[in-house]
Novice: 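I'd like to ask some things about the structure below.
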Amino acid sequence: MSIKSLSHSSLTDNLFYRSMLAGNQPYFPLPEGSYHWLATETVPSTQASATLSNLSFWADKYDSLQVRYSIRSTRSANVDGLMININGDYTTNYSSHNLYADGVSIYAGPDYPQSFVNAAQIIANNSTAGSFSMGILNFVDCFNPNKNLSWMQEIGGYGGERPIAIGDGLWMSKDTLDSITLTPRYGGQVAQYSTFSLYGLRGVA
Amino acid sequence: MPTQTYIPLANYTLTSNDSFVLFSNIPNTYKDLVIAFEGQGSIDENLVFTINGSTSGFSWVQMTSAPTTGYGTNTSIGRVSTSRTTSSIQFSDYAMTSKSKTFFVTTEVLASEIRFLTGLWSNSQAINSIGLGIRTGGSFLTGSQFRLFGIHG
């Protein structure tokens with residue numbers, strides 16, 4: 001790390017540094033281990049979507065990110081769809097594959113090109129009260145500037161209907177990952193008590 | 001600030017065959033729980049479980065590598081085999097009393113099958129104990145390992 005001139009400091013520039021090394025990058029120690037909890041949002045009241053933002057802050061600290069979520073849609077039906085968008089991109093830059101089942105039928109299929117990644121189905125308002133779908137997204141090597149962004153996804157819930165799926169998503173861009181937005185697909189909103197947690201994983205502890 | 005997580009809470013390795021393994025006094029200070037099982041059973045049978053001592057209120061749907069799909073309203077949430085079996089059981093928001101409890105179970109029976117299951121325990125209680133057994137009287141064999149982890153959130 002290069003040392004910056006003290007002609008620019010918190011005193012001369014009126015800047016706040018968390019480090020005593022004025023002018024240098026803030027000192028930001030990571031805890032031991034390779035799997036760290038970074039943030040959680042619990043939805044306080046119904047909202048249109050959920051966004052995990054400022055993810056690029058973690059680019060030099062972690063290799064991979066994981067999102068664990070518990071979600072229910074307010075749509076007046078047993079289920080709703082779920083869309084994933086990256087960095088606010090709503091153009092047809094996405095592809096996905098999913099293996100779906102519902103306890104009666106099992107089927108698979110690709111979705112491309114689309115303006116979102118199809119994250120399968122989630123529990124909605126007409127389902128059993130208090131039931132939520134559970135999902136996990138694994139973004140592996142997600143800050144590598146030489147790769148388009150891809151991830152594995154699994155989701156399932158039970159309540160009225162029984163949607164379960166595993167699959168993958170692809171965003172055809174090498175731009176630095178900065179935000180992940182999850183939006184109910186068919187007019188519903190994200191219900192109260194839905195939770196979204198972000199984790200960072202690194203190869204060297 | 002980042003917080004180290006995936007914290008080991010309990011670790012059992014059976015020194016003799018046992019028909020039932022119980023994780024009790026689970027703290028409510030994490031968001032999610034993960035149970036990792038690796039071992040063998042005395043018979044090929046369904047893995048069954050209890051939550052807070054309860055065997056009611058369960059429903060599940062699964063898909064398998066056959067490929068097949070099915071659903072049920074009992075506690076048979078996985079598989080144990082006389083071949084090596086690995087399973088992970090993950091609970092979301094296990095301590096949140098404003099929702100029922102949703103879980104994933106991924107099971108792999110060596111060179112045989114893979115199952116992915118999601119289920120619901122229709123109860124808003126915080127989970128404080130989880131028991132694992134084998135349906136119709138089977139036992140987990142000596143050397144089988146059961147680990148419980150907590151994930152902050």
Side-chain angles (χ1 to χ4, degrees), chain A residues 28-42 58 61-62 66 68-72 99-108 123 127-136 154-159 161-166 191-202 205, chain B residues 1-8 29-34 57-74 77 88-107 114-125 149-153:
Chain A
F28 194 91
L30 294 178
E32 292 184 354
S34 57
Y35 183 107
H36 299 154
W37 167 47
L38 306 179
T40 292
E41 178 195 4
T42 300
W58 305 109
K61 300 172 182 65
Y62 295 103
Q66 182 182 77
R68 304 176 69 91
Y69 61 95
S70 170
I71 190 172
R72 181 181 173 98
L99 175 64
Y100 310 88
D102 59 7
V104 177
S105 302
I106 184 167
Y107 49 103
I123 294 297
S127 285
T128 308
S131 62
F132 286 68
S133 285
M134 171 182 175
I136 299 173
E154 49 191 321
I155 187 169
Y158 194 111
E161 292 188 28
R162 303 170 294 272
I164 181 173
I166 55 175
Q192 185 183 28
Y193 303 127
S194 297
T195 60
F196 302 86
S197 293
L198 176 69
Y199 301 87
L201 291 86
R202 56 184 180 152
Chain B
M1 286 290 289
T3 301
Q4 183 182 9
T5 193
Y6 224 106
I7 305 299
T29 49
Y30 298 91
K31 180 177 184 291
D32 291 357
L33 293 176
V34 177
F58 293 94
S59 45
W60 52 263
V61 58
Q62 71 174 6
M63 51 187 178
T64 76
S65 54
T68 60
T69 182
Y71 64 98
T73 54
N74 52 44
I77 48 90
S88 75
I89 307 172
Q90 305 190 53
F91 295 89
S92 172
D93 288 338
Y94 74 98
M96 189 179 279
T97 55
S98 55
K99 58 175 70 171
S100 296
K101 306 300 176 290
T102 305
F103 51 88
F104 281 160
V105 183
T106 306
T107 303
I114 297 172
R115 296 183 179 204
F116 178 49
L117 177 147
T118 186
L120 178 74
W121 184 47
S122 296
N123 196 311
S124 60
Q125 290 179 14
F149 301 89
I151 298 179
H152 288 100

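For the numbers below, each heavy atom of this structure counts, side chains included, while hydrogens, waters and symmetry mates do not. Just so you know, these numbers come straight off a predicted model, no measurement behind them. Numbered from 1 within each chain, the chains take letters A, B, ... in sequence-line order.
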Novice: Can you confirm whether B/K99 sits close enough to A/S70 that some side-chain heavy atom of one is under 4.5 Å from a side-chain heavy atom of the other?
Specialist: yes
Novice: Go through the side-chain N and O atoms of A/T195 and B/K31 and say whether any donor and acceptor fall under 3.5 Å apart.
Specialist: yes
Novice: Measuring heavy-atom distances to chain B, does A/Y100 have an atom under 4.5 Å in its side chain, in its backbone, in both, or in neither?
Specialist: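 Just the backbone, heavy atoms under 4.5 Å.
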Novice: Among A/L30, A/T128, A/L99, which residue forms the greatest number of heavy-atom pairs with chain B at distances under 4.5 Å?
Specialist: A/L99
Novice: Distance from B/S98 atom OG to A/Q192 atom CD, nearest 0.5 Å?
Specialist: 7.5 Å
Novice: Rounded to the nearest 0.5 Å, how far apart are OG1 of B/T102 and CD1 of A/I123?
Specialist: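 Reported to 0.5 Å precision, the distance equals 7.5 Å.
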Novice: Chain B: which of A/M134, A/E154, A/H36 shares the most heavy-atom pairs with it under 4.5 Å?
Specialist: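 Highest number of pairs under 4.5 Å: A/M134.
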Novice: Can you tell me which portion of B/T97 sits under 4.5 Å from chain A's heavy atoms? Options are side chain, backbone, both or neither.
Specialist: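 Neither part.
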Novice: Is the shortest heavy-atom distance from the side chain of A/Y199 to the side chain of B/I151 under 4.5 Å?
Specialist: yes
Novice: If you take all heavy atoms of A/D102 and B/T69, which pair is closest and at what distance?
Specialist: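 Between these two residues, the closest heavy atoms are N-OG1, 4.0 Å.
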Novice: Give, as side chain, backbone, both or neither, the part of A/I166 having an atom under 4.5 angstrom from any heavy atom of chain B.
Specialist: both
Novice: Given a strict heavy-atom distance threshold of 4.5 Å, which part of B/S124 is in contact with chain A: side chain, backbone, both, or neither?
Specialist: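 Looking at B/S124, nothing touches chain A.
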Novice: Distance check, rounded to the nearest 0.5 Å: B/K101 atom NZ versus A/F132 atom CZ?
Specialist: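 CZ of A/F132 is found 10.0 Å from NZ of B/K101.
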Novice: Between A/Y107 and chain B, which part of the residue has a heavy atom less than 4.5 Å away: side chain, backbone, both or neither?
Specialist: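 Neither part, no heavy atoms under 4.5 Å.
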Novice: Checking B/S122 now: which residues fulfil side-chain hydrogen bond (donor to acceptor under 3.5 Å, both in side chains) with it, not counting sequence neighbours?
Specialist: none
Novice: Between B/W121, B/F116, B/F104, which has the largest tally of heavy atom pairs under 4.5 Å with chain A?
Specialist: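 With the most close heavy-atom pairs to chain A, the winner is B/F104.
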Novice: Who are the ring-ring contact (aromatic ring centres under 6.0 Å, His included) partners of A/Y69, not counting sequence neighbours?
Specialist: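 Applying ring-ring contact (aromatic ring centres under 6.0 Å, His included) to A/Y69 gives none.
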Novice: Can you label the angle between the A/Y35 ring and the B/Y6 ring as parallel, tilted or perpendicular, going by 30° and 60°?
Specialist: perpendicular
Novice: Can you name the closest pair of heavy atoms from A/I106 and B/P67 and give their distance?
Specialist: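 Shortest heavy-atom separation between A/I106 and B/P67 comes out as CD1-CB, 4.0 Å.
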Novice: Mind ranking A/V104, A/T42, A/I164, A/I155 by heavy-atom pairs under 4.5 Å with chain B and telling me who comes out on top?
Specialist: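 Max contact count across the listed options: A/I164.
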Novice: Here's a test for you: under side-chain contact (heavy atoms from CB on, under 4.5 Å), which of A/S133, A/S131, A/S127 qualifies with B/L120?
Specialist: A/S131
Novice: Return the minimal non-hydrogen interatomic distance between B/V61 and A/G103, and the atom names on each side.
Specialist: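 Taking B/V61 first and A/G103 second, the nearest heavy atoms are CG2-N, 3.3 Å.
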Novice: Which atoms form the tightest heavy-atom contact between B/S100 and A/A129, and what is the distance?
Specialist: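 Minimum heavy-atom separation between B/S100 and A/A129: OG-O, 4.2 Å.
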Novice: Shortest non-hydrogen contact from B/G72 to A/Y158?
Specialist: O-OH, 4.1 Å
Novice: With a 4.5 angstrom heavy-atom cut-off, which part of A/A39 approaches chain B: side chain, backbone, both or neither?
Specialist: neither
Novice: Are B/Q90 and A/I136 close enough that some pair of their side-chain heavy atoms sits under 4.5 Å apart?
Specialist: yes
